[in-house]
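Data first, discussion second: the structure below is written as structure tokens.
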Amino acid sequence: MSNVRKFAAVNVKVRALEGQLLKDQDYYKLLLLDHVDEVVDYLRQETWYAAILPEARKVDIIELEGRFERNAFEKHEKLYHYFTDAYREYFKVLLMRYEIENLKLFLRMVIRRESLISITDHLIIPHIYSELDYGKISEATSLDELSAALAGTEYQQLIEYYKDEEPTRMMFYVEMNLDRLYFKKLSQRTEKLDAADQQAIGEVLQRNIDMLNIQWVYRGRRYYQLLPEEILNYTLLNGKYFTYKRLKELCYLPSLDDISRVLRASPYGFMFEQTEHFELNFEILMDRYLYKLFDKLRMEYPMTITEPMVYLHRLEYEMRDLFTIVESKRYNISSEACRKFLIRELRG
């Protein structure tokens, strides 16, 4: 099947959905508002978000964020149905991250001896991807019971392998391995796509892995004082610039200053340009970089899977920016300060 036929229908749908995304002028107006209620009113009166917002003027912050997240998830599931074969499997794995975030939450609550029943109705459950028995999981009150509820899944062995560790370390190890599993499967599925899609999407994925590894190595050494081999064991595989060899060399450098020097000289040196509190901006700088990279690749690889991927990421970035704006109103943070923490870089 030609790429024109393969992506024609989904790209028409994506362009219609992209037309609903907020414009720069919406961001400027939202930043100038004073209260959360005013943000909700603007979104309800001036944007497509009216379709997912409740009628009540006062909206609980948790409910508001939940509606944003569920909307992004539902858009993702709708696009999934436009694909077949390897492309459908790729989109299915993208939905795996919702399941993994649910598992992380279950694990934390079980360790803290909190009931899971109260949260299961509020979770985003990817039925297309997930085969977990959420009813059985919600009844778990211990790690043994959670492990039993995950019987027959690839997650059970992670619980079993680490369940005798001290709770905080156990949670850390399992969460790191869940992330490794997700990126491993995503890399495997990317390799099944057509050559142009492999090149475009593979570029984004590998760059993303590079930057996540940079954060992990830097923070592992600075904040957790982990041994080099332990840091290396939890890096993600299949990066673009930071191959396994380079990662190993990075992890075994004698000091944090040496690590910083190598990172500043890498293609990701921009993440270290700020001299004060730059660690706080790692995620923002990474997301801004990926935002621009997606736009670049969409121009270079027309009629490929980049079109729906650009939309899904823009929607997620917009959702996260809205979280930031809402929180800035909640805590009386100035519009100038809030703007620095937005993923979207506004012109002017």
Side-chain angles (χ1 to χ4, degrees), residues 69 73 89-192 205 208-209 212-213 215-217 219-221 223-239 242 244 247-248 251-252:
E69 289 174 345
F73 168 74
E89 291 302 312
Y90 173 80
F91 261 75
K92 187 185 291 186
V93 171
L94 288 174
L95 291 168
M96 180 185 181
R97 70 187 181 93
Y98 291 97
E99 178 173 275
I100 283 179
E101 291 307 311
N102 289 343
L103 285 169
K104 290 178 181 179
L105 180 59
F106 291 148
L107 181 62
R108 294 186 201 113
M109 293 187 72
V110 166
I111 287 175
R112 294 196 298 257
R113 300 186 180 281
E114 298 176 9
S115 171
L116 302 181
I117 295 176
S118 61
I119 64 165
T120 50
D121 290 340
H122 305 287
L123 296 174
I124 296 176
I125 301 176
H127 295 291
I128 288 172
Y129 177 84
S130 182
E131 297 180 356
L132 298 184
D133 186 340
Y134 280 82
K136 191 173 182 180
I137 290 171
S138 69
E139 297 173 357
T141 60
S142 67
L143 288 175
D144 285 333
E145 290 179 4
L146 180 59
S147 176
L150 294 171
T153 72
E154 55 198 330
Y155 307 121
Q156 184 187 28
Q157 60 183 338
L158 292 179
I159 304 293
E160 285 296 314
Y161 189 80
Y162 292 109
K163 70 179 183 180
D164 293 328
E165 293 280 350
E166 184 271 328
T168 302
R169 291 185 69 83
M170 183 267 186
M171 188 165 64
F172 168 79
Y173 289 140
V174 173
E175 289 187 353
M176 293 296 288
N177 275 288
L178 285 172
D179 289 338
R180 292 193 90 200
L181 178 63
Y182 171 68
F183 279 98
K184 176 183 177 182
K185 285 182 172 289
L186 202 53
S187 294
Q188 290 172 339
R189 285 301 172 186
T190 300
E191 292 173 358
K192 302 293 184 181
L205 178 59
N208 192 6
I209 289 173
L212 289 171
N213 279 334
Q215 293 179 66
W216 164 237
V217 172
R219 289 173 171 169
R221 179 65 70 88
Y223 297 112
Y224 308 117
Q225 291 80 49
L226 297 176
L227 295 173
E229 55 267 28
E230 191 166 21
I231 296 176
L232 182 62
N233 284 342
Y234 290 101
T235 55
L236 303 172
L237 303 178
N238 302 313
F242 282 101
Y244 181 81
L247 279 174
K248 186 174 182 179
C251 291
Y252 279 86

Item to check | Contact check, side chains of F183 and L205, non-hydrogen atoms, under 4.5 Å | outcome: yes

Checklist entry - Counting distance only, does the side-chain N/O of E160 pair as donor-acceptor with the main-chain N or O of Q156 below 3.5 Å? => result no

Item to check | Atom pair CG/OG1 of N238 and T190 - distance to nearest 0.5 Å | outcome: 9.5 Å

Next on the checklist: When you compare the side chain of I119 with that of E114, does any pair of heavy atoms fall below 4.5 Å?
Outcome noted: no

Checklist entry - Are any non-hydrogen side-chain atoms of E154 and K185 less than 4.5 angstrom apart? => result yes

Next on the checklist: With side chain to side chain contact (heavy atoms under 4.5 Å, CB included) as the criterion, how do Y182 and L94 come out once you've worked through the C-alpha distance, each side chain's angles and the decisive distance to 0.1 Å?
Outcome noted: CA-CA 8 Å; Y182 171 68; L94 288 174; 3.8 Å; yes

Checklist entry - Considering residues, nucleotides and ligands other than R112, do more than 12 of their heavy atoms fall under 6.0 Å from its CZ? => result yes

Item to check | Side-chain donor-acceptor contact under 3.5 Å, E99 with Y155 | outcome: yes

Checklist entry - What pair of heavy atoms forms the shortest contact from L247 to N213, and how long is it? => result CD1-ND2, 3.6 Å

Checklist outcome for this item: Rounded to the nearest 0.5 angstrom, the SG-CD distance for C251 and E229 is 9.5 Å

Next on the checklist: With side chain to side chain contact (heavy atoms under 4.5 Å, CB included) as the criterion, how do L178 and L107 come out once you've worked through the C-alpha distance, each side chain's angles and the decisive distance to 0.1 Å?
Outcome noted: CA-CA 12 Å; L178 285 172; L107 181 62; 5.9 Å; no

Next on the checklist: Testing the 3.5 Å rule here: is there a donor-acceptor pair between the side chains of Y162 and N177?
Outcome noted: yes

Item to check | Heavy-atom side-chain proximity of L232 to Y244 below 4.5 angstrom | outcome: yes

Next on the checklist: If I take atom CG from residue N233 and atom CG from residue L226, how far apart are they, to the nearest 0.5 angstrom?
Outcome noted: 10.5 Å

Checklist entry - Between P126 and Y134, what is the shortest heavy-atom contact and its length? => result CD-OH, 4.3 Å

Item to check | Working for side chain to side chain contact (heavy atoms under 4.5 Å, CB included), residues I125 and Y98 | outcome: CA-CA 7 Å; I125 301 176; Y98 291 97; over 6 Å; no

Checklist entry - Is the shortest heavy-atom distance from the side chain of M96 to the side chain of L181 under 4.5 Å? => result yes

Checklist entry - If you draw a 6.0 Å radius around CD in E131, do more than 12 non-hydrogen atoms from other residues or ligands fall strictly inside? => result no

Checklist entry - Could you give the distance from NE2 (H127) to CG (L95), rounded to the nearest 0.5 Å? => result 11.5 Å

Next on the checklist: Between N102 and I137, is there a side-chain heavy-atom distance shorter than 4.5 Å?
Outcome noted: no

Checklist entry - If you draw a 6.0 Å radius around OH in Y252, do more than 12 non-hydrogen atoms from other residues or ligands fall strictly inside? => result yes

Item to check | Gap between atom CG of L236 and atom CG of L212 - 0.5 Å precision | outcome: 6.0 Å

Checklist entry - Is there a side-chain contact between R97 and Y129, using heavy atoms and a 4.5 Å cut-off? => result no

Next on the checklist: If I compare all heavy atoms of V110 with all of S142, which pair ends up nearest, and what's the gap?
Outcome noted: CG1-C, 3.4 Å

Checklist entry - What pairs meet the salt bridge (charged side-chain N to carboxylate O under 4.0 Å, His left out) rule with one or both residues in residues 175-184, with sequence neighbours excluded? => result K104-D179, R108-E175

Next on the checklist: For the CZ atom of F106 and the CD1 atom of I159, what is their distance to the nearest 0.5 Å?
Outcome noted: 11.5 Å

Next on the checklist: E139: which residues meet the side-chain contact (heavy atoms from CB on, under 4.5 Å) condition with it, sequence neighbours left out?
Outcome noted: none

Checklist entry - Is there side-chain contact between P228 and R221, with at least one heavy-atom pair below 4.5 Å? => result yes

Checklist outcome for this item: Nearest heavy-atom contact between G220 and I231 is C-CD1, 3.9 Å

Checklist entry - Between T120 and S138, which heavy-atom pair has the shortest distance, and what is it? => result CG2-CB, 3.3 Å

Checklist entry - Which word best sums up how the rings of W216 and Y234 line up, parallel for under 30°, tilted for 30 to 60°, or perpendicular for over 60°? => result perpendicular

